[in-house]
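Read through the structure below, which is laid out as structure tokens, and then see the notes.
Excluded from the calculations below are hydrogen atoms, water molecules and symmetry mates; all remaining heavy atoms, backbone and side chain alike, are included. Here is the naming used below: chain letters follow the sequence lines, and residue numbers restart at 1 for every chain. The model shown is predicted, which means the values in this text are computed figures rather than measured ones.
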Amino acid sequence: MRDSDNAFPEKNRLLAASDYRKVFSRPVRSTDKYFTVLATAGSSNEPRLGLAISKKNTRLATDRNRLKRIVRESFRHHKEIVSGLDLVVMAKFGAAQADNRKLFESLSRHWKNLSNKLNDT
RNA sequence: GGAGCCAGCCAGAUGGUCGCUGUCAGCAGCCUGAUUGAGUCAGUGUUGGCAGAGGAAAGUCCGGACUUCACAGGACAGGAUGCCAGGUAACGCCUGGGAGGCGAGAGCCUACGGCCAGUGCAGCAGAAAAUAUACCGCCAGACUUGUUCUGGUAAGGGUGAAAUGGUGCGGUAAGAGCGCACCGCGCUUCUGGUAACAGUAAGCGGCAGGGUAAACCCCAUCCGAAGCAAGACCAAAUAGGGAAACAACCAGCUUUCGGGCUGACCCCGUGGUCCGCGGGAGUUUCCGGGUAGGUUGCAUGAGGUGAUCGGUGACGGUCAUCCCAGAUGAAUGACCAUCCACGACAGAAUCCGGCUUAUGGCUGGCUCUCCUU
RNA sequence: CGGAGCGUAGCGCAGCUUGGUAGCGCACCACAAUGGGGUUGUGGGGGUCGAAGGUUCAAAUCCUUUCGCUCCGA
């Protein structure tokens, strides 16, 4: 087992529709002009990630795929920060036009923001 | 050099670090499931090898395969297609040919059957818009001599998108296919071609009688409907349905002696407790349907590549060879370095054959034009 | 992924069947009535009919392609 590294296996994902419902019902939010990130305390120590990128805000399938990859990439590099959280990332309208570096910066701010908020409560 | 036409090809490259999906091989482990005499298989973890978006993956505009439902056969309705021949699993696609049109040319484009079956439509203008006619004219005659009437005419003028073939000569009161010549048109025959169709071929007819079928329609050919969220299988929990076993089997009433009915016992709530009141009827197993969820459908195919043969070609035959994405909150990426032309349009979702639309670049052939020789 | 429908004035709609004039309500502007406003009455303006081609003498209407929006099916 090499849990300490940056892998992204299946246990780090939100899989069922019921998992998503749990996150949407009582979330802690973090928002900027690219993303809205929702979070709740998860059931285990493993953080879990879900994506909700709508066709309405991001018209082209190519752009949607790019955003998903970037979010997953950022998530696996910051797993220690968000450990124990269930997260859902929603893309906003301007996200598709931004370049990759900006998006990575935005996401790492969200991870820190949310882990602080949840540890305070 | 410039403008353009046609065909074909590519879809940033190389290296490093981290990561994802599938598959093959090895290892781990006995955690989960199945089954068993050990064990094996599937899942799981891990190491290594290999593979991992498109020419349009798009729009969903056509055609199939594949599923489920319906179905003897046929007809009607509805829809699609529409020059001819061929290709194909099939097509509204492709190839070749014909006809018509566009262009200076290379070339390109065409819903290209039928208004001699029937019905409908045509505003305004114009005398008249589909079956006949005459506004201005032209000509003749009449007498009431004039802004008159009657008749003839369709050559000229004017309207319109569209007005009953064109030119010339003859002819005539003026005219007219009224007659003739040539052109055009139609029909018959002949010749060439599988056919569409073509012909400087022969003969006949003075000449059909307008347009519109992306108007209804007629003719010929084709089509059952819905779609992988189709469909098949496994199946927790909860409620409910059916069956069996166990537990209970106390009292009363009844009986055709199998049993049936009523009440209590029991559990929960109220309450300090009893009565009372309100609610619930036990436990276990199995069966069928079936939700969450999972598995499958799901990738060896009308497949690719090469050679060769047949064909003008689309394409087909034979032989050899290869296995080439398979996700399911949804993989094919991120970062760094170097190079160059500094990277357009854009992301598989059951699978194929087309069409259409978006779009960067390279190569070859051809046409026109300009300059130089 | 698959299936169905809708784009007409600032807004909500009709007209498309069977092609020739684009119309209705609200809103807007002007005028009248009032000392002023509202209400009412009269009159008026405003349209690439989502876009591009085609058929036709003529297209919002017929045909083809395309863009956008809405709804339905685990």
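With its glycosidic angle more than 90° from 0, B/G12 is assigned anti. With a glycosidic angle further than 90° from 0, B/G313 counts as anti. B/C324 takes the syn form, because its glycosidic angle lies no more than 90° either side of 0. Classification of C/U56 as syn follows from a glycosidic angle within 90° of 0. A glycosidic torsion no more than 90° from 0 defines the syn conformation; B/A65 lies beyond that range and is anti.
Put simply, CD1 on A/Ile70 is 11 Å from P on B/U332, counting in whole angstrom units. When the P atom of B/G19 is taken as reference, atom CG of A/Asn12 falls 13 Å away, rounded to whole Å. Taking atom CZ of residue A/Arg69 and atom C1' of nucleotide B/C18, one finds them 16 Å apart after rounding to whole Å. The nearest whole Å value for the distance from the CD atom in A/Glu73 to the P atom in B/G333 is 12 Å. At whole-Å resolution of the value, NE2 in A/His78 and C1' in B/C18 are 14 Å apart. What separates CG of A/Leu14 from C1' of B/A330 is a distance of 14 Å, to the nearest Å.
For B/A99, the paired base is B/U110 (Watson-Crick or G-U wobble, both distances below 3.5 Å). Pair check for B/G343 finds B/C340; Watson-Crick or G-U wobble, both atom distances under 3.5 Å. Nucleotide B/U221 forms a Watson-Crick or G-U wobble pair with B/A80, both donor-acceptor distances falling under 3.5 Å. Nucleotide B/U191 forms a pair with B/A198, judged by Watson-Crick or G-U wobble geometry with both contacts under 3.5 Å. Across all strands shown, B/A349 forms no Watson-Crick or G-U wobble pair with both distances under 3.5 Å. Both distances falling under 3.5 Å, in either a Watson-Crick or a G-U wobble arrangement, occur for no nucleotide opposite B/G240. Applying the Watson-Crick and G-U wobble criteria (two distances, each under 3.5 Å), B/C115 pairs with nothing in any strand. Under the Watson-Crick or G-U wobble criterion, with both distances below 3.5 Å, B/A173 has no partner in any strand shown.
Residues A/His78 and A/Lys112 fail the side-chain proximity criterion, which asks for heavy atoms closer than 4.5 Å. At a threshold of 4.5 Å between non-hydrogen side-chain atoms, the residues A/Lys79 and A/Phe8 do not count as touching. Looking only at side-chain heavy atoms (C-beta outward), A/Lys22 and A/Thr40 stay at 4.5 Å or farther from each other. The closest side-chain heavy-atom distance from A/Leu107 to A/Tyr34 is not below 4.5 Å.
The phosphate of C/U70 has OP1 or OP2 within less than 4.0 Å of a side-chain N or O from A/Lys56. For the pair A/Arg72 and B/G329, the criterion of a side-chain N or O lying under 4.0 Å from OP1 or OP2 is not met.
Taking the P atoms as reference points, B/A281 lies 47 Å from B/G297, given to the whole Å. Remark: the separation of the C1' atoms in B/A99 and B/G64 is 34 Å, to the nearest Å. Comparing B/G360 with B/G343, their C1' atoms sit 8 Å apart, to the nearest whole Å. For B/G22 and B/U295, the P atoms lie 11 Å apart once the distance is rounded to whole Å. With both ends at atom P, the span from B/C286 to B/U35 equals 14 Å, rounded to whole Å. One P atom belongs to B/A237, the other to B/U21, and the distance between them is 32 Å to the nearest Å. Spacing between B/G269 and B/C250 at atom C1', rounded to whole Å, works out to 27 Å. Taking atom P in both B/C342 and B/C362, one finds a spacing of 10 Å when rounded to whole Å.
With A/Arg64 contributing its side chain and A/Ile53 its backbone, the two residues share no donor-acceptor pair below 3.5 Å. A side-chain donor-acceptor contact under 3.5 Å links A/Asp32 to the backbone of A/Phe35. With hydrogens and angles ignored, the 3.5 Å screen pairs a side-chain donor or acceptor of A/Lys117 with a backbone N or O of A/Arg29.
Atom OG of A/Ser108 sits about 11.5 Å away from atom NE2 of A/His77, to the nearest 0.5 Å. Taking CG from A/Leu103 and CD from A/Gln97, the interatomic distance works out to 10.5 Å, rounded to the nearest 0.5 Å.
The aromatic ring of A/Phe8 does not stack onto the base of B/G19, failing the criterion of a centre distance under 5.5 Å from the six-membered base ring together with planes under 30° apart.
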Inset, instruction - Given side chain to side chain contact (heavy atoms under 4.5 Å, CB included), test A/Phe75 with A/Val82 step by step and report yes or no. - result: CA-CA 9 Å; A/Phe75 173 81; A/Val82 291; 4.1 Å; yes
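Of the N and O atoms on the side chains of A/Arg76 and A/Asn12, not one donor lies less than 3.5 Å from an acceptor on the other residue.
Across residues 88-113 of chain A, A/Asn100, A/Arg101, A/Phe104 each have a non-hydrogen atom less than 4.0 Å from an atom of RNA chain B (numbered order). RNA chain B is contacted by A/Leu60, A/Ala61, A/Thr62, A/Asn65 of residues 59-68 of chain A, taking any non-hydrogen atom closer than 4.0 Å.
Clustering of Ile, Leu, Val, Met, Phe, Trp and Tyr side chains at separations under 4.5 Å places A/Met90 together with A/Leu14, A/Tyr20, A/Val23, A/Phe24, A/Leu38, A/Val88.
Ranking B/A330, C/C1, B/G19 by closeness to the A/Arg76 side chain, first place goes to B/G19. Looking at the side chain of A/Arg13, the nearest of the listed nucleotides B/A53, B/C20, C/C1 is B/C20.
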Taking only nitrogen or oxygen atoms into account, show me every contact under 3.5 Å that the protein makes with nucleotides 72-74 of chain C, one pair per line with its distance.
none

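Comparing A/Gly50 and A/His77 by the nucleotide of RNA chain B whose heavy atom lies nearest to each, the residue mapping closer to the 5' end is A/His77.
The one candidate from A/Arg66, A/Arg69, A/Glu105 that meets the side-chain hydrogen bond (donor to acceptor under 3.5 Å, both in side chains) condition with A/Asn100 is A/Arg66.
Smallest separation of non-hydrogen atoms from A/Asn57 and A/Ala91: ND2-O, 3.4 Å.
Counting only Watson-Crick and G-U wobble pairs whose two key distances fall under 3.5 Å, RNA chain C forms stems of three or more stacked pairs at C:1-7 with C:67-73, C:10-13 with C:23-26, C:28-32 with C:40-44, C:50-54 with C:62-66.
For residues 45-69 of chain A, no pair satisfies ring pair (Phe, Tyr, Trp, His ring centres under 6.0 Å), with sequence neighbours left out.
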